[in-house]
There are 2 protein chains.
Amino acid sequence: MPMGKVPDIVVGRLPLYLRTLNYLIEEGHEVVSSQELGRRLGISPAQIRKDLSHFGEFGKQGAGYDVNYLRKQLTHILHVERVWPVALVGCGALGHALANYNGFLTKGFEITLIFDNDPAKIGQMVAGKVIHDVADMPRLLCEHGIRIAIVAVPSSAAQATVDILVKCRVRAILNYAPINISVPPGVQVQNIDPAVHLQRMTYYL
Amino acid sequence: MPMGKVPDIVVGRLPLYLRTLNYLIEEGHEVVSSQELGRRLGISPAQIRKDLSHFGEFGKQGAGYDVNYLRKQLTHILHVERVWPVALVGCGALGHALANYNGFLTKGFEITLIFDNDPAKIGQMVAGKVIHDVADMPRLLCEHGIRIAIVAVPSSAAQATVDILVKCRVRAILNYAPINISVPPGVQVQNIDPAVHLQRMTYYL
DNA sequence: CAGAGTATGTGACTGCTTTCACAAGGTGAC
DNA sequence: GTCACCTTGTGAAAGCAGTCACATACTCTG
Ligand SMILES: NC(=O)c1ccc[n+]([C@@H]2O[C@H](COP(=O)([O-])OP(=O)(O)OC[C@H]3O[C@@H](n4cnc5c(N)ncnc54)[C@H](O)[C@@H]3O)[C@@H](O)[C@H]2O)c1
Ligand SMILES: NC(=O)c1ccc[n+]([C@@H]2O[C@H](COP(=O)([O-])OP(=O)(O)OC[C@H]3O[C@@H](n4cnc5c(N)ncnc54)[C@H](O)[C@@H]3O)[C@@H](O)[C@H]2O)c1
């Protein structure tokens with residue numbers, strides 16, 4: 001019942017469970033079994049039960065899981081009952097799409113600060129926010145207590161950008177630049193590179 | 001030396017190795033050790049050697065790996081010595097960014113067909129390509145022999161879109177919609193959802 | 001309220017993944 | 001050529017993750 005060290009791989013599946021629960025609520029379900037959840041996710045029911053059992057006993061035997069209750073629990077476990085302010089660095093094509101993306105807010109995130117180093121862009125408005133000069137990043141990140149950032153700058157600028165973010169106490173970085181960045185221990189990094197995902201699939205073609 | 005069944009998890013790392021080799025070539029390196037490669041990727045040298053040993057003996061004892069040779073081998077293993085034509089479905093904010101992204105070509109991919117269902121967008125040019133009506137998708141996918149598609153439509157339209165793609169013999173799908181899609185066996189799917197990646201990190205904050 | 005049906009939580013087990021450690025082979029200085 | 005030093009490829013071992021199967025407990029029908 002009390003949660004010791006939970007494997008990363010288990011933590012990595014929780015957001016998928018949460019996402020599916022939200023769809024179940026939209027569809028009006030009040031209760032869901034590990035079997036149904038597993039069917040939707042392509043995961044075995046046993047694995048879902050074992051994953052959840054790391055954090056507590058959320059289900060009811062003979063019935064399944066109360067969808068709203070489980071959603072609340074996962075939201076709490078993942079620390080997304082609050083909305084995290086997020087900084088976006090690099091407001092090019094991808095940055096624009098991310099800034100205008102309305103899928104973040106309901107998942108616990110809001111892009112509140114946008115940065116670029118292009119003088120032609122600085123000062124412009126995007127998604128209701130002004131684009132700030134990267135030179136002001138240290139001050140603004142501090143003032144807003146930002147802990148999470150999204151990096152959408154060219155690869156060549158990614159490591160330098162990350163170094164600044166880390167120095168400003170950012171502790172979680174979502175990196176879209178197709179390059180491996182290095183960070184000190186205690187800083188989380190997740191990488192998104194569509195070419196890598198595509199190449200994973202062409203192996204099997 | 002001959003490659004039997006290679007674990008998925010190993011295949012998943014090969015694109016990262018390949019990406020790093022490309023940077024090494026840019027930097028003028030001719031040879032790299034598993035240690036250096038591991039350092040850059042945050043992976044143990046032993047794991048890199050074992051992964052590569054599934055496919056052959058590419059290194060030289062006492063020296064390391066010839067960067068160009070290893071790159072060529074991985075390019076071959078992943079089937080990206082050719083350039084794959086890719087269809088993009090959904091040309092909104094994200095679709096625009098992807099269509100204009102110039103990082104695909106050097107990795108073995110080119111977006112050659114773009115589809116949308118918005119009459120206002122159909123016929124417009126994006127990144128030098130015309131946006132086609134989704135109604136023409138079956139015919140055009142067939143004519144172009146498309147095997148790979150990127151899905152960037154709203155969640156509500158994702159499963160229906162995927163069903164059409166699968167029926168048109170697409171065998172690899174990169175899905176940006178934040179929903180679990182189901183496909184018959186033999187069809188590869190990779191999902192990209194930034195909110196999921198962010199929630200994986202907030203657990204640790 | 002009894003009994004058939006259903007679903008969880010979990011220890012034991014199986015299988016997969018990573019690390020270890022070393023023989024074999026290559027390098028470079030002198 | 002020799003010797004000290006590297007680095008690979010790989011079995012063996014260790015460590016992790018996923019599945020199985022069942023005791024337990026809830027539901028629902030009649
Ligand atoms: N466009 C895509 O669909 C896509 C897909 C996958 C990955 N990416 C990656 O995402 C990143 C951004 O892609 P994009 O297409 O938006 O490129 P882009 O060139 O349109 O945008 C990059 C932006 O970053 C800004 N920038 C450059 N250096 C900076 C710095 N030091 N500090 C702050 N801002 C800086 C530029 O002014 C520009 O506005 C790149 O690394 C790219 O490889 C893009
Ligand atoms: N914008 C982002 O940064 C971002 C980030 C992550 C995920 N996503 C996801 O990517 C998808 C697209 O996001 P977006 O921001 O580009 O949205 P968008 O609304 O700007 O674009 C969606 C496009 O899909 C088209 N479309 C709708 N139904 C279609 C159908 N049946 N067939 C073909 N085209 C259809 C629309 O006409 C529109 O052009 C969404 O699922 C979104 O959740 C977007």
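Every chain is numbered from 1 and lettered A, B, ... according to where its sequence line falls, protein lines coming before strand lines.
When the C1' atom of D:dT10 is taken as reference, atom CG of B:Leu52 falls 13 Å away, rounded to whole Å. Atom pair B:Glu36:CD and D:dC6:P shows a separation of 16 Å (rounding to whole Å applied). Taking atom CZ on A:Phe55 and atom P on C:dT10, their separation rounds to 13 Å, with Å as the unit. Remark: C1' of C:dT10 and CD1 of A:Ile48 are 16 Å apart, rounded to the nearest angstrom. The distance between atom CD of A:Glu57 and atom P of D:dA25, rounded to the nearest whole Å, is 10 Å. Distance CG (A:Leu37) to P (C:dA7): 13 Å, rounded to an integer number of Å. Going from atom CG of A:Asp66 over to atom C1' of D:dC26 covers 14 Å, rounded to whole Å.
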Tell me, for nucleotides 25-30 of chain C in 5' to 3' order, what letter each nucleotide earns: B for a base near a protein heavy atom under 4.0 Å, S for only sugar-phosphate near one, - for neither?
BSS---
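Within a 6.0 Å sphere centred on CD of B:Glu30, other residues, nucleotides and ligands contribute 12 heavy atoms or fewer. In this structure, A:Glu36 places its CD atom where more than 12 heavy-atom neighbours from other residues, nucleotides or ligands lie under 6.0 Å away. Annotation for B:Arg169: atom CZ does not count as buried by contact number, only 12 or fewer foreign heavy atoms lying within 6.0 Å.
Scored by the ring-ring contact (aromatic ring centres under 6.0 Å, His included) test, A:Tyr65 finds no partners at all (sequence neighbours excluded).
In this model, the phosphate group of D:dG9 is approached by a side-chain N or O of B:Tyr65 to a distance below 4.0 Å at OP1 or OP2. Using a 4.0 Å cut-off, some side-chain N or O of B:Ser34 falls inside it from OP1 or OP2 of D:dT8.
Note on ring orientation: taking the six-membered ring where Trp is involved, the planes of B:Phe55 and A:Tyr203 are perpendicular (angle over 60°, cut-offs 30° and 60°).
Of the N and O atoms on the side chains of B:Asn22 and B:Glu26, not one donor lies less than 3.5 Å from an acceptor on the other residue. Using a 3.5 Å distance cut-off with no hydrogens or angles, the side chains of B:Asp51 and B:Gln47 do not pair a donor with an acceptor. A donor-acceptor pair shorter than 3.5 Å cannot be found between the side chains of A:Thr20 and A:Arg40.
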Between the protein and nucleotides 17-20 of chain D, list every N/O to N/O distance that falls short of 3.5 Å.
residue: D:dG18; atom: OP1; partner: A:Arg13; partner atom: NH1; Å: 3.4
residue: D:dG18; atom: OP2; partner: A:Arg13; partner atom: NH2; Å: 3.1
residue: D:dG18; atom: OP2; partner: A:Gln47; partner atom: NE2; Å: 3.2
residue: D:dG18; atom: O5'; partner: A:Gln47; partner atom: NE2; Å: 3.1
residue: D:dT19; atom: OP2; partner: A:Ser44; partner atom: OG; Å: 2.8
residue: D:dT19; atom: O4; partner: A:Lys50; partner atom: NZ; Å: 3.0

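None of A:Thr161, A:Asn180, A:Asn191 except one satisfies the side chain to side chain donor-acceptor pair (under 3.5 Å) rule with A:Asn175; the exception is A:Asn191.
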